[in-house]
Amino acid sequence: MASYYYLVASLPELRSDGELPITYEDFLSMCQDSVSKKTYDKLSTMTLDSDDTPLLKKWQESYGRIMEELNYQRAVNLRQTATPPTARDAAVVSFVGNLMHAKNPLEAEKEMLDFEFKTLDELVGLHMFDDWVLFGYAIKLKLLERQQCFVHDKGKKEFRRLMAVVRKRVYGIA
């Protein structure tokens, strides 16, 4: 546990509106000599869908509620028959409602990332020098890596291409 003090203090800050300061591989290298083999193995095989630690289980529950609400509200907006999620959280319902009215998909992704970071901060709570903080950090790092895949200009170009196809099919125009 004593080795966690230096490790956690040496990790660069992760911000939902910031750049990716280190890669996941760099993070794993920093952890290798400071955590147990069991923890390192879990970190090295962790994905955003993992649920094999207490924090990851709580994260999956929280993330699952967000996704269920998002799917429900999307279905309602498309006028499809949909059953509301069984456990609806007012904060999640409100957040997803606001998300549905974002200016564009990239803006919605940024808002989602910010909400996910806040959720992770709440889940980690006062765990400052143990596995909880490391797994929370790892999830944030994975989320930031995922966001790096979004390229605004490329996305805008693809959106315009898709809209041209839709217009052509619907209206018979180019």
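In this structure, CG on L99 lies 6.5 Å from CE on M112, to the nearest 0.5 angstrom. The CZ atom of F117 lies 9.0 Å from the CG atom of D17; values are rounded to the nearest 0.5 Å. Annotation: the span from S16 atom OG to Q147 atom CD amounts to 8.0 Å, rounded to 0.5 Å. Here the straight-line distance linking atom NZ of K37 with atom OG of S44 works out to 8.0 Å at 0.5 Å rounding. Annotation: the span from L55 atom CG to D130 atom CG amounts to 9.5 Å, rounded to 0.5 Å.
No more than 12 heavy-atom neighbours from other residues, nucleotides or ligands sit within 6.0 angstrom of CD on E19.
Taking the ring centre of Y24 as origin, the terminal cationic atom of K142 falls inside the region bounded by 6.0 Å and 45° from the ring axis.
Side chain of T45 to backbone of D41: a donor-acceptor contact under 3.5 angstrom is found.
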Worked check of side-chain contact (heavy atoms from CB on, under 4.5 Å) between M46 and D52: CA-CA 9 Å; M46 190 193 94; D52 55 349; 5.7 Å; no
Between M128 and V8, is the side-chain contact (heavy atoms from CB on, under 4.5 Å) condition met? List the steps. CA-CA 8 Å; M128 298 313 297; V8 172; 5.6 Å; no
When you look at L141 and T23, which way does the side-chain contact (heavy atoms from CB on, under 4.5 Å) test go after all the steps? CA-CA 8 Å; L141 199 51; T23 66; over 6 Å; no
Worked check of salt bridge (charged side-chain N to carboxylate O under 4.0 Å, His left out) between D131 and K38: CA-CA 11 Å; D131 286 351; K38 180 180 175 185; over 6 Å; no
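Hydrophobic clustering of Ile, Leu, Val, Met, Phe, Trp and Tyr side chains at less than 4.5 Å, counting indirect connections, keeps V76 apart from M100. Linking Ile, Leu, Val, Met, Phe, Trp and Tyr residues whenever their side-chain heavy atoms come within less than 4.5 Å leaves I66 and V93 in two separate clusters. A continuous path of hydrophobic side-chain contacts links V133 to Y5 [ILVMFWY only; heavy atoms under 4.5 Å]. V96 and Y72 are assigned to two separate hydrophobic clusters, defined by single-linkage of ILVMFWY side chains at heavy-atom distances under 4.5 Å.
Of the candidates E69, Q73, M67, R65, E69 is the only one forming a side-chain contact (heavy atoms from CB on, under 4.5 Å) with P85.
In plain terms, the two heavy atoms of P12 and I22 that are nearest each other are CG-CG2, 3.6 Å. The two residues M30 and S10 make their nearest non-hydrogen contact at CE-OG, 3.5 Å. A pairwise comparison of heavy atoms in V124 and G136 identifies CG2-CA, 4.0 Å as the closest pair. Closest approach of F135 to K42, counting heavy atoms only: CZ-CB, 3.7 Å. Of all heavy-atom pairs spanning C31 and L43, the tightest one is SG-CD1, 4.1 Å.
No salt bridge links K58 with D51; every basic N to acidic carboxylate O contact stays at or beyond 4.0 Å. K110 has no carboxylate O lying under 4.0 Å from a charged side-chain N of D114, or vice versa, which leaves the two without a salt bridge.
Under the side-chain contact (heavy atoms from CB on, under 4.5 Å) criterion, S94 pairs with N98, not counting sequence neighbours.
Using a 4.5 Å heavy-atom cutoff, the side chains of L20 and E145 are in contact. Looking at heavy atoms from C-beta onward, L56 lies in side-chain contact with I139 at the 4.5 angstrom threshold. L11 has its side chain within reach of L134: a pair of non-hydrogen atoms, C-beta onward, lies under 4.5 Å apart. Residues T53 and W132 have side chains not in contact (no heavy-atom distance under 4.5 Å, counting atoms from C-beta outward). Here the side chains of L14 and L143 are not in contact, with every heavy-atom distance at 4.5 Å or above. Residues E68 and V92 form no side-chain contact, since every pair of their non-hydrogen atoms from C-beta on lies 4.5 Å or further apart. In this structure the side chain of E109 reaches within 4.5 angstrom of the side chain of R146, judged on heavy atoms.
Listed by first and then second residue, the ring-ring contact (aromatic ring centres under 6.0 Å, His included) pairs involving residues 37-62 are W59-Y63 (not counting sequence neighbours).
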